[in-house]
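This chain uses plain numbering: 1 for the first residue, then up along the sequence.
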Amino acid sequence: MTKVNRRHFLMSSMALPVAIKASALPSQNDTVRVAVVGFNGRGKAHISAYLKIPNVEIAALCDVDPTVLESGCKMIEAAGKKRPPTFTDIRKVLDDKSIDAVSIATPNFHHTLQTIWAVQAGKDVLVEKPVSYNMFEAQQIIAASRKYNRIVQDGTGSQAWLHEAKKRLKEGIIGDVYMARGLCFKWRDTIGRAKEEPVPAGVAYDLWTGPAPVKPFTRNRFHYNWHWQWDYGNGDLGNQGARQIHAARMALGVKYPTKVSSIGGHYLFDDDQETPNTQVATFEFDEAGKKKLLVFEVRHWMTNTEAAIGARSDSQAVGNIWYGSKGYMSTASEGWQTFMGKEQAPGPKSEAGAGVGGFVNFIDVVRSRKREDQLAEVEEGAISTMLIHLANISYRTGRTLDFDPVSYSCKGDAEATAMFTRTQYRSPFTVPNVGGVKTDNQQI
């Protein structure tokens, strides 16, 4: 494992002050020209959203799979828009100076590097959750957004109701809040065993592999099932759970945990999955001498519902609960609701609803250059992503971690700290050390 030097990397916006200056868009008539990168799954929502926003043009599509590229073009043509140029390599997209922004929905392990490439090329970025594949990358994506003075938006946390919930909890709507719980109870069947086979015709598998180790192609190391392989994904904690862990932390009003513990396993199935399909992670926070707890649970099969979250008919419950001295708050379909006292009597509900979507907010801020108006600025997303990585490191080492955000290390645990980054990045896909944190395998 690579040893990470325990020199403090200043994470906060206060430590990395930047004034975003107003600048004219490269494109004309106030039209924001966006390139969408990666859309086999979540990226389709990116295409759909931008097609609906006035004065936004999808100027390019990029994916390593020609079949996926064609599906994206058909979506755009079906909306009555012109077929955009298509690319296999994001670096070719970034050469186009008329493109204002890049919207990234590639696999987790590409998010940070592609964002850094984009901001270096002068583009603003909306990048899907989680914004980093590991702890080191979480540092670098923040540092790059500041150094290159670009708008970078996290693909989660942009719901208006979440910001409303945070405000109401701080005001004491359920009293003194001491704990949050995140639920990722999502029906996940076995992925089976997949044999090694030739790379599908036209697929740029080397580009898809990117910074990860080179391995033979299988269907369980490609579309979607990469989530369940440690070389590429972060399990369901970092997949669906990335949204709920962010909401849990944000509304609880905490940043960095001091203690992290996670256990679980891969239950019921004998297949190619490496990540746990059942996992419980516990985070303890100490904010100005006041302790708070966040518990997150992943469950993949038969389940109950909780706190009016989920439907009994589909064995799924995905959401959040916050606990206070006077009651509790849980997420609803488009907001939050409260239950008060020992009787759990229905209390106040969310008024914000879905509000302005993250894509609209991103485009608005690309125009205004006002980072403070972002609903999901990248730093908050990166902090939430750190919780995911720390929990998975605890799970993989089999022990509780004492995290020190000042030294950015696990105190007294060199093995766990070494897992903050890859043992080796595959050239030329090395994540640059923008933040100047010295490690054995990263070049500043």
Does [X] use its side chain to pair, donor to acceptor, with the backbone of [Y] at less than 3.5 Å?
| X | Y | result |
| --- | --- | --- |
| T400 | S261 | no |
| R369 | V366 | yes |
| T258 | E284 | yes |
| K292 | V254 | no |
| S262 | V280 | yes |
| Q244 | N320 | no |
| N220 | N225 | no |
| Y256 | F403 | no |
| S330 | A307 | yes |
| E306 | G319 | no |

State plainly whether the residues [X] and [Y] are in salt-bridge range, i.e. N to O under 4.0 Å.
| X | Y | answer |
| --- | --- | --- |
| D100 | R33 | no |
| K290 | E287 | no |
| E380 | R249 | yes |
| D373 | R367 | no |
| E379 | R371 | no |
| D286 | K291 | no |
| K349 | E164 | no |

So for atom CG, which belongs to L293, do other residues, nucleotides or ligands contribute more than 12 heavy atoms lying within a distance under 6.0 Å? yes
Determine which pairs satisfy ring-ring contact (aromatic ring centres under 6.0 Å, His included) with at least one residue from residues 93-126, sequence neighbours left out, and list them in order. F109-W208, F109-Y232
First locate atom [atom1] of [X], then atom [atom2] of [Y], and finally report the distance between them rounded to the nearest 0.5 Å.
| X | Y | atom1 | atom2 | value |
| --- | --- | --- | --- | --- |
| D236 | C184 | CG | SG | 4.0 Å |
| L390 | L401 | CG | CG | 6.5 Å |
| H389 | M419 | NE2 | CE | 12.0 Å |
| T385 | N134 | OG1 | CG | 10.5 Å |
| W228 | E274 | CH2 | CD | 12.5 Å |

Test log, rule side-chain hydrogen bond (donor to acceptor under 3.5 Å, both in side chains), inputs Q114 and T106: CA-CA 9 Å; Q114 291 181 344; T106 51; 2.8 Å; yes
Residues N304 and R299: side-chain donor-acceptor under 3.5 angstrom: yes
Do H300 and T278 have side-chain N/O donor and acceptor atoms under 3.5 Å apart? yes
Parallel under 30°, tilted from 30 to 60°, perpendicular over 60°: which one fits the rings of Y323 and Y178? tilted
Least distance between heavy atoms, I173 atom then P348 atom: CD1-CB, 3.9 Å
Heavy-atom nearest pair, F39 first then K44, reads O-NZ, 3.2 Å
Axial cation check for W230 ring with R396, 6.0 Å and 45° limits: yes
Cation-aromatic face contact R422/Y133, 6.0 Å, 45 degrees: yes
List the steps and the verdict of side-chain hydrogen bond (donor to acceptor under 3.5 Å, both in side chains) for H246 and D154. CA-CA 11 Å; H246 178 73; D154 175 24; 4.6 Å; no
With side chains defined as the heavy atoms from C-beta onward, is the minimum distance between Q153 and F359 less than 4.5 Å? no
